[in-house]
Amino acid sequence: MFRLLLLIVLLAACGDDEPRPEPTPIGPPAGSTDLEWGEQLFQSQGCFACHRIDGGPSVGPALNGVAGESRTLPDGRTVVVDADYLREALTEPEAVRVPGYEGTVMPTYELAPAQLDALIGYLQSLSVMAR
Ligand code: HEC
């Protein structure tokens, strides 16, 4: 009897060892580079609805050529648009002020760190091409 009980307990314990599905890692779709993923995110997240990448004005500033520009932050500091600035623009839009767009707010995005990196890389690549 004890052996049977032991067997049942063991079987029950084994049943718990079923492999659990891993959470899907967030990364570029198969066959896409990080840069291509950044471009896809720019489309799929709807950034293009407010930002053009050909220099033209829209609801928000054009984003080609933005990397490397100077910006004065609300706290008075003047900074160069680098990866940190771009990250802040996406995660804390109220922390950046673009001349000519004062008073217009950009929505805050809930993006995974890898998605943020891909978008930032894409935005930086636009400026390289603009030069
Ligand atoms: C509803 C319109 C809207 C959408 C959608 C939007 N933005 Fe913006 N964005 C703005 C506005 C307006 C500003 C200027 C904000 C300010 O000056 O306070 C801005 C500012 C920025 C800046 C700072 C630009 C600079 O010249 O310093 C970056 C970078 C940026 N947005 C990236 C993005 C990305 C990437 C997405 C998509 C994930 C996105 N935005 C989606 C409206 C939008």
Side-chain angles (χ1 to χ4, degrees):
M1 185 63 200
F2 178 72
R3 277 200 185 159
L4 184 66
L5 239 164
L6 193 67
L7 188 69
I8 292 169
V9 169
L10 275 176
L11 279 176
C14 287
D16 249 13
D17 276 352
E18 290 274 311
R20 280 164 223 275
E22 293 281 320
T24 319
I26 296 181
S32 293
T33 62
D34 278 345
L35 209 57
E36 288 163 346
W37 188 35
E39 185 174 11
Q40 289 159 18
L41 286 167
F42 193 79
Q43 302 291 330
S44 64
Q45 298 290 326
C47 316
F48 68 94
C50 296
H51 293 288
R52 290 173 58 172
I53 55 167
D54 62 359
S58 183
V59 179
L63 292 182
N64 55 316
V66 66
E69 282 190 6
S70 291
R71 290 278 177 270
T72 304
L73 301 180
D75 66 10
R77 282 181 303 137
T78 300
V79 297
V80 170
V81 176
D82 57 5
D84 286 343
Y85 174 92
L86 293 172
R87 191 176 305 275
E88 194 148 287
L90 285 165
T91 54
E92 277 175 70
E94 66 281 358
V96 309
R97 289 280 181 284
V98 186
Y101 293 89
E102 296 89 352
T104 327
V105 258
M106 170 164 144
T108 306
Y109 280 84
E110 296 287 334
L111 295 162
Q115 291 178 309
L116 273 174
D117 288 344
L119 266 172
I120 290 166
Y122 170 65
L123 292 178
Q124 288 181 312
S125 80
L126 291 177
S127 296
V128 173
M129 285 189 281
R131 262 151 221 188

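Start at 1 and go down the list; that is how both ligands and their atoms are numbered.
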### Message
With heavy-atom distances below 4.0 Å as the criterion, list the atoms of ligand 1 near V59.
### Response
12 (C)
### Task
Output all residues satisfying side chain to side chain donor-acceptor pair (under 3.5 Å) with R52, sequence neighbours left out; order by chain, then residue number.
D54
### Task
Evaluate the side-chain proximity of Q115 to Y109: yes if any heavy-atom separation is below 4.5 Å, no if none is.
no
### Task
Run the numbers for me: atoms of ligand 1, each under 4.0 Å from some heavy atom of G46, listed by number.
5 (C)
### Task
Using distance alone, determine whether E102 and ligand 1 share an N or O pair under 3.5 Å.
no
### Query
Based purely on interatomic distance, does V96 place a nitrogen or oxygen under 3.5 Å from a nitrogen or oxygen of ligand 1?
yes
### Query
What protein heavy atom is closest to atom 15 (C) of ligand 1, reported as residue, atom name and distance in Å?
T104 O, 3.7 Å
### Query
L90, I26: one ILVMFWY side-chain cluster at the under-4.5 Å cut-off?
yes
### Summary
For L86 and V66, the nearest pair of non-hydrogen atoms, with its separation, is CD2-CG1, 4.3 Å
### Message
I'd like to verify the contacts: list protein N, O or S atoms under a distance of 2.8 Å from atom 8 (Fe) of ligand 1.
### Response
H51 NE2, M106 SD
### Task
Have a look at ligand 1 and work out which part of Y109, if any, has a heavy atom under 4.0 Å from it: side chain, backbone, both or neither.
side chain
### Summary
min-distance protein heavy atom vs atom 26 (O) of ligand 1 -> R71 NH2, 2.6 Å
### Task
Determine the minimum heavy-atom distance between Q43 and F48, stating which atoms define it.
O-CE2, 3.1 Å
### Message
Need the ligand 1 atom indices (1-based, order shown) with element for anything under 4.0 Å from a heavy-atom of V98.
### Response
14 (C), 16 (C), 17 (O), 24 (C), 25 (C), 26 (O), 27 (O)
### Query
How does E94 reach ligand 1, by side chain, by backbone, by both or by neither, if only non-hydrogen atoms under 4.0 Å count?
neither
### Query
What residue and heavy atom of the protein are closest to atom 27 (O) of ligand 1, and at what distance?
Y85 OH, 2.5 Å
### Task
Give the atoms of ligand 1, by number and element, whose distance to some non-hydrogen atom of L86 is under 4.0 Å.
29 (C)
### Message
Quick one, V96 and M106 - any side-chain contact, counting heavy atoms below 4.5 Å?
### Response
no
### Message
For A118 versus L41, what's the shortest heavy-atom pair and its separation?
### Response
CB-CD1, 4.1 Å
### Query
Do you know which two heavy atoms are closest between Y122 and I53, and how far apart they sit?
OH-CD1, 3.4 Å
### Message
My understanding is that only residues two or more places apart in sequence, or in another chain, count here; which of them pass side chain to side chain donor-acceptor pair (under 3.5 Å) with S32?
### Response
Q40
### Query
By side-chain contact (heavy atoms from CB on, under 4.5 Å), which residues pair with A114, not counting sequence neighbours?
W37
### Task
Tell me whether L63 is reachable from V80 by hopping between hydrophobic residues (I, L, V, M, F, W, Y) whose side-chain heavy atoms are closer than 4.5 Å.
no
### Message
Is the shortest side-chain heavy-atom distance between R97 and L73 below 4.5 Å?
### Response
no
### Residue portion contacting ligand 1 (non-hydrogen atoms closer than 4.0 Å) for V66
side chain
